[in-house]
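Worksheet for the structure shown next.
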Amino acid sequence: MSQVYNPKVIEKKWQQTWDEKKAFAATDDYSKPKYYALVEFPYPSGQGLHVGHPRPYTALDIVARKRRMQGYNVLYPMGWDAFGLPTENFAIKNKIHPKIVTKNNVARFKNQLHSLGYSFDWDREINTTDPNYYKWTQWIFLKLFKAGLAYKTEMPINWCTSCKCGLANEEVVNGVCERCGSEVVRRVKSQWMLKITAYADKLIDDLDSVDYIERVKVSQKNWIGRSNGAEVEFSLKDKEEKLKIYTTRPDTLFGVTYMVVSPEHPYLDKFKDEIKNYDEIVAYREQAAKKSDFERTELAKEKTGVQIDGLSAINPVNGKEIPIWVSDYVLMSYGTGAIMAVPAHDTRDWEFAKKFNLPIVEVIAGGDVEKEAFTDVATGTLVNSGFLTGMSVEEAKKAIVEWLEKEGLGVPKRNFKLRDWVFSRQRYWGEPIPIVKCPKCGYVPLDESELPLELPDVENYEPTDNGESPLAKMREWVETTCPCCGGPAERETDTMPQWAGSSWYFLRYTDPNNENELASQEALNYWMPVDWYNGGMEHTTLHLLYSRFWHKFLYDEKVVPCPEPYQKRTSHGMILGSNGEKMSKSRGNVVNPDDIVNEFGADTLRTYEMFIGAFDASAAWSEEGVRGCRRFLDRVWKLQDMVTDETGYSKDLEIRMHQTIKKVSSDYENLKYNTAIAAMMSLINDFYKKGSVTRDEFKTLITLLNPVAPHITEELWEIMNYGGMLYETTWPEYEEAKTVEDTVEIGVQVNGKVRATVKLAKDASKEDALAAGKEAVKDRLTDNIVKEIYVPGKIINIVCR
RNA sequence: GCCGCAGUGGCGGAAUAGGCAGACGCCCGGGACUUAAAAUCCCGUGGGUAGUGAUACCCGUGCCGGUUCGACCCCGGCCUGCGGCACCA
């Protein structure tokens, strides 16, 4: 009789064994086929591991373990994205150095991950706050600077009033700070920027070459927001200057009845003297500037604006004079900060025209432009449009752009919603930016030999209200000499955002201890790209986009061998509290993974999180569900007493075995962990029904289950004396021919309704099948049989009147 | 408003080149074991009507219509929920 299943003991035992043997270390044998599986490295927060973490980690652990059994050299690494605000805030509050806080948090996280039995290669552990790591983050920054992709500029940025820190556009959600939820205001500051817009086209186009789930591709495309249109110059009446606009609808040029410039448009000051109502316009501009981003989007419903008295434009296609307005619905930061307004065919222009009684001229037939703007580009035909009249929208676009180019009035142009990346943070706990500001030479990069530029120890990490980094107070660190002229100069005191370290970390795993390069060419050539990367949807427009940008830059610099970092990207759903709401302390629905491991075991937690539902859908926690998975493992454990001396698969279960191997193998590849586990549950139900299981059947079962529940299966492997270690065995094979029964039971329908079932040979002829089918339902058939359908292996349908 | 995803038992969810809807798990009910309970094992479990009963029939995948021998699946029109974007010209 077997011992009782005690996960506490066996899980610790196998974790130690794996460690001692370095069971999951990737080798440097570059002749073997490789597989690089990656999950997003966590931010080691003070709260410890959340039950959300194990979901993606377990999923790719399953893939990694399976790949090893299939003979691949697998790299499945883990590390720490450890720079960041919560650590800094905690440090300030408790007067502990962020370094110490990070160290403690990492130790706790590592223990927790360890207790879950992941097959990470801990020899390659990295930490973004380690100077040996951020040396290379700084090195990449210098490359970007030298390539002209990092620049400093004075601009209005998103300023979080609580974090006292600038934010990237991507970090502002609904007008508030993504991290702390506080109000975000505009503040003009001198900022380091990264020119991600230089890669906008590639970031969209190259999505065609990778295997990302569709949702991710769509979100990235929307965020980058590419549009094709034209820039057109309108003459100003009695002036030399032209007013340049951007439009995606040059075909509607004949319908322009007015123009609008943004409140920040430079012409307002330039023509100050000629504008008769300048005071009114200045007042409007001030009012617009006062609105925060939040207000500007919240109060977007009602259009406001002021007509510029003393300035008007000429429509280039028909010579008509048209008024120019100022309104905050036109943004200075997109296009040229000025638009041509076509109220008949643009919803915003239509609202504006209605409000201020401006004329609406229909140029595309198909709607009722008095009732609403007609914006359907697929069906309309041009009217009232001179030489464009009668054309479709598409034809007209082509024709008008050709004409504009010929006349020198306009050019085709593409625009993006994507903005450059605000890269400065006015905080302490981040990578120092390796730049010196010299009064003579301007911004001067440090020499590579000076890297890493280490964070100095400061007394006080408190951010300041004036928007300066805490580093600014460290005079002995700030004051330095210019690498260029040798004169006195000051270091940059802003630090990099958290996204810096995570933008290239997957490269470092390939060669984590290299002191001379970010990673060797051989290691990068062999391991890159990442074969499968899983991470949260919330990183689609942040980390995922940023890291693709850096990677593309490094590819152009010939540092990395491939243009895209990740071959495949999947995303997991969130784990919610048992009440279906997001887990949070205030809702009191938080589940601590440690408690689950203590009470049920790591294998149960792993199994449950994979069984909880479709991998990409969010799912609510259920304690009863956890128990069900523990019960399943208990049943697997107890099977050891039913194992017979027989080898091979028993006759009655042979087909079930082959079917299960096939299903589990393919489900693990297709994010269908829940049905893979269901198939194994089903199989052991069959074993129980029979009351016995052969040695080889049991061996196959625990091998299939091993990636999900590695400890219990390894223990059973040892108990059963199968020889060697389970994790070193090979993945079970199946024979396609043996996955189908010789006889199949199929439904017999009469007029589309199932009335009986019959057993048939799998390759039964139509005649035999129909004869058997008719016999089974003979009482229901009439004499008038209209149609007989037989789909082998699927269905028989007899249609009669 | 635009884009994307989804809607199936009491619950989590299976099943789509169109072919026996509800796999697997949870909950619940019954039985075995036990002095008893827990645990475990076995059986049942979409709803309804009829029958002592094996069983029979009807209804069932958000709603309305269509295509088809046959629709959770395809098409048209709605409703609801979730996620993303949101004055980007």
Side-chain angles (χ1 to χ4, degrees), chain A residues 4 173-174 213-223 225-227 229 245-249 252 259-260 262 296-297 299-303 327-331 333-342 345-349 351-352 375 415-419 537-538 540-541 573-574 580 607-608 611-614 616-629 631-632 634-635 638 663 672 674-685 688-689 691 745-758 786-800:
Chain A
V4 73
V173 177
N174 294 328
I213 53 170
E214 200 52 31
R215 276 194 298 165
V216 169
K217 287 191 182 184
V218 168
S219 295
Q220 291 216 341
K221 282 179 193 166
N222 287 347
W223 185 263
R226 178 160 70 189
S227 71
I245 59 95
Y246 172 73
T247 178
T248 54
R249 296 296 304 277
T252 60
M259 300 183 81
V260 186
S262 150
R296 220 160 144 163
T297 50
L299 307 172
K301 314 295 167 224
E302 190 76 353
K303 297 272 181 293
S327 174
D328 65 1
Y329 84 87
V330 174
L331 310 172
S333 51
Y334 185 79
T336 62
I339 61 156
M340 63 179 216
V342 187
H345 306 291
D346 180 279
T347 314
R348 296 149 302 181
D349 297 346
E351 283 167 12
F352 193 84
T375 56
N415 257 322
F416 300 92
K417 289 191 216 175
L418 185 71
R419 303 292 148 77
M537 270 314 283
E538 72 274 19
T540 301
T541 54
M574 233 196 308
T607 306
Y608 175 64
F611 188 62
I612 192 167
D616 58 350
S618 57
W621 188 264
S622 152
E623 177 102 11
E624 300 305 333
V626 177
R627 279 176 208 287
C629 288
R631 204 168 292 151
F632 164 60
D634 278 326
R635 279 163 71 81
K638 283 186 293 188
K663 173 137 187 79
K672 297 176 80 171
N674 53 338
T675 51
I677 291 167
M680 290 184 280
M681 287 174 167
S682 222
L683 182 65
I684 72 158
N685 287 346
Y688 269 78
K689 262 188 203 116
E745 199 178 59
I746 69 172
V748 183
Q749 299 180 328
V750 177
N751 295 331
K753 287 198 174 172
V754 178
R755 297 299 182 183
T757 57
V758 288
V786 186
K787 200 164 184 175
E788 296 171 335
I789 288 142
Y790 169 54
V791 183
K794 303 268 187 184
I795 204 86
I796 292 170
N797 191 9
I798 315 287
V799 185
C800 59

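Just so it is clear: chains get the letters A, B, ... in the order the sequence lines come, proteins before strands, and each one is counted from 1. Note: hydrogens, waters and symmetry copies are ignored here, and every other heavy atom, side chains too, is used.
- Here, U67(B) and A15(B) have their P atoms 30 Å apart, quoted to the whole Å.
- A distance of about 14 Å separates the C1' atoms of U45(B) and C11(B), rounded to the whole Å.
- Straight-line distance from the CD1 atom of Ile339(A) to the P atom of A89(B): 11 Å, rounded to whole Å.
- Here the closest non-hydrogen pair linking Phe416(A) and Arg226(A) is CE2-CD, 3.4 Å.
- Taking atom P in both A6(B) and G13(B), the straight-line distance is 14 Å, to the nearest Å.
- For G9(B), the base adopts the syn conformation, since its glycosidic angle falls within 90 degrees of zero.
- Straight-line distance from the CD atom of Glu788(A) to the P atom of U68(B): 20 Å, rounded to whole Å.
- Paired regions of RNA chain B, where each region holds three or more successive Watson-Crick or G-U pairs whose two hydrogen-bonding distances fall under 3.5 Å, are B:1-7 with B:79-85, B:10-12 with B:24-26, B:28-32 with B:40-44, B:46-50 with B:55-59, B:62-66 with B:74-78.
- Considering only side-chain atoms of Lys638(A), the nucleotide from A89(B), C41(B), A14(B) that sits closest is C41(B).
- G22(B) sits 31 Å from A32(B) when the P atoms are compared, rounded to a whole Å.
- Asp328(A) has its CG atom 11 Å from the P atom of C87(B), to the nearest Å.
- In terms of modelled atom types and a separation under 3.5 Å, the side chain of Asn797(A) and the main chain of Gly752(A) share a donor-acceptor contact.
- A donor-acceptor pair under 3.5 Å links the side-chain atoms of Asn751(A) to the main chain of Cys800(A), judged by distance alone.
- Regarding Lys672(A), its NZ atom lies at a distance of 19 Å from the P atom of G12(B), rounded to whole Å.
- Look at NZ on Lys689(A): it is 11 Å from C1' on C43(B), rounded to the nearest Å.
- For the salt bridge (charged side-chain N to carboxylate O under 4.0 Å, His left out) test, residues two or more places apart in sequence or in another chain that qualify with Glu623(A) are Arg627(A).
- At the heavy-atom level, Lys221(A) lies nowhere under 4.0 Å from the strands shown.
- Two residues are said to be in side-chain contact when any heavy atoms from C-beta on lie closer than 4.5 Å; Ile789(A) and Gln749(A) fail this criterion.
- C74(B) and G1(B) are spaced 29 Å apart, taking the C1' atom of each and rounding to whole Å.
- Residues Met340(A) and Asp349(A) are not in side-chain contact: their nearest non-hydrogen atoms beyond the backbone lie 4.5 Å or more apart.
- Under 4.0 angstrom from either OP1 or OP2 of C59(B) there lies at least one side-chain N or O belonging to Lys753(A).
- Looking at Thr540(A), its side chain does come within 3.5 Å of a backbone N or O of Met537(A) through a donor-acceptor pair.
- Contacts of Ile798(A) with the nucleic acid, taken as non-hydrogen atoms under 4.0 Å apart, are absent.
- Two residues are said to be in side-chain contact when any heavy atoms from C-beta on lie closer than 4.5 Å; Trp621(A) and Tyr608(A) meet this criterion.
- Every ring pair (Phe, Tyr, Trp, His ring centres under 6.0 Å) that Phe352(A) has, sequence neighbours left out, goes to Tyr258(A), Trp325(A), Tyr329(A), Phe356(A).
- If you take atom P in G60(B) and the same atom in G48(B), they sit 15 Å apart, rounded to whole Å.
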Polar atoms only, N or O, under 3.5 Å: list the protein pairs with nucleotides 1-9 of chain B and their distances.
none

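- Residue contacts shown for Ser333(A) are absent, as no nucleic acid heavy atom lies under 4.0 Å away.
- Contact detail for Thr336(A) and Ile245(A): the closest heavy-atom pair is OG1-CA, 3.3 Å.
- As rounded to whole Å, 16 Å separates atom P of U68(B) from atom CG of Asn751(A).
- Comparing Ser219(A) and Thr336(A) along RNA chain B, the residue whose closest nucleotide (by nearest heavy atom) sits nearer the 5' end is Ser219(A).
- Rounded to a whole angstrom, the distance from the P atom of U80(B) to that of U16(B) is 31 Å.
- For C69(B), one of the phosphate oxygens OP1 or OP2 lies less than 4.0 angstrom from a side-chain nitrogen or oxygen of Lys787(A).
- Judged as a ring pair (Phe, Tyr, Trp, His ring centres under 6.0 Å), and not counting sequence neighbours, Tyr246(A) has no contacts.
- One donor-acceptor pair, N or O on each side, does fall under 3.5 Å between the base of C87(B) and the side chain of Lys303(A).
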Nucleotide by nucleotide, nucleotides 22-33 of chain B touches protein heavy atoms under 4.0 Å in the pattern (B base, S sugar-phosphate only, - none) -BBSSS------
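- What separates OH of Tyr688(A) from P of U40(B) is a distance of 10 Å, to the nearest Å.
- Summary of the strand contacts: Val791(A) and Gly613(A) both lie near RNA chain B, and taking for each the nucleotide with the nearest heavy atom, the more 5' one is attributed to Gly613(A).
- Applying the side chain to side chain contact (heavy atoms under 4.5 Å, CB included) test between Ile746(A) and each of Ile795(A), Val758(A), Val754(A) identifies Val758(A) as the sole match.
- Contact between Ser227(A) and Thr248(A) at its shortest, heavy atoms only, is OG-CG2, 3.8 Å.
- Within the nucleic acid shown, Ala617(A) has no heavy atom closer than 4.0 Å to any nucleic acid atom.
- Across the C1' atoms, C20(B) and C75(B) are found 26 Å apart, a figure rounded to whole Å.
- For the pair Ile339(A)/Thr247(A), no side-chain contact is recorded, criterion being any heavy-atom separation below 4.5 Å from C-beta on.
- Side-chain N/O atoms of Tyr334(A) include one lying less than 4.0 angstrom from OP1 or OP2 on A89(B).
- When rounded to the nearest whole Å, the span between NZ of Lys217(A) and C1' of G84(B) equals 18 Å.
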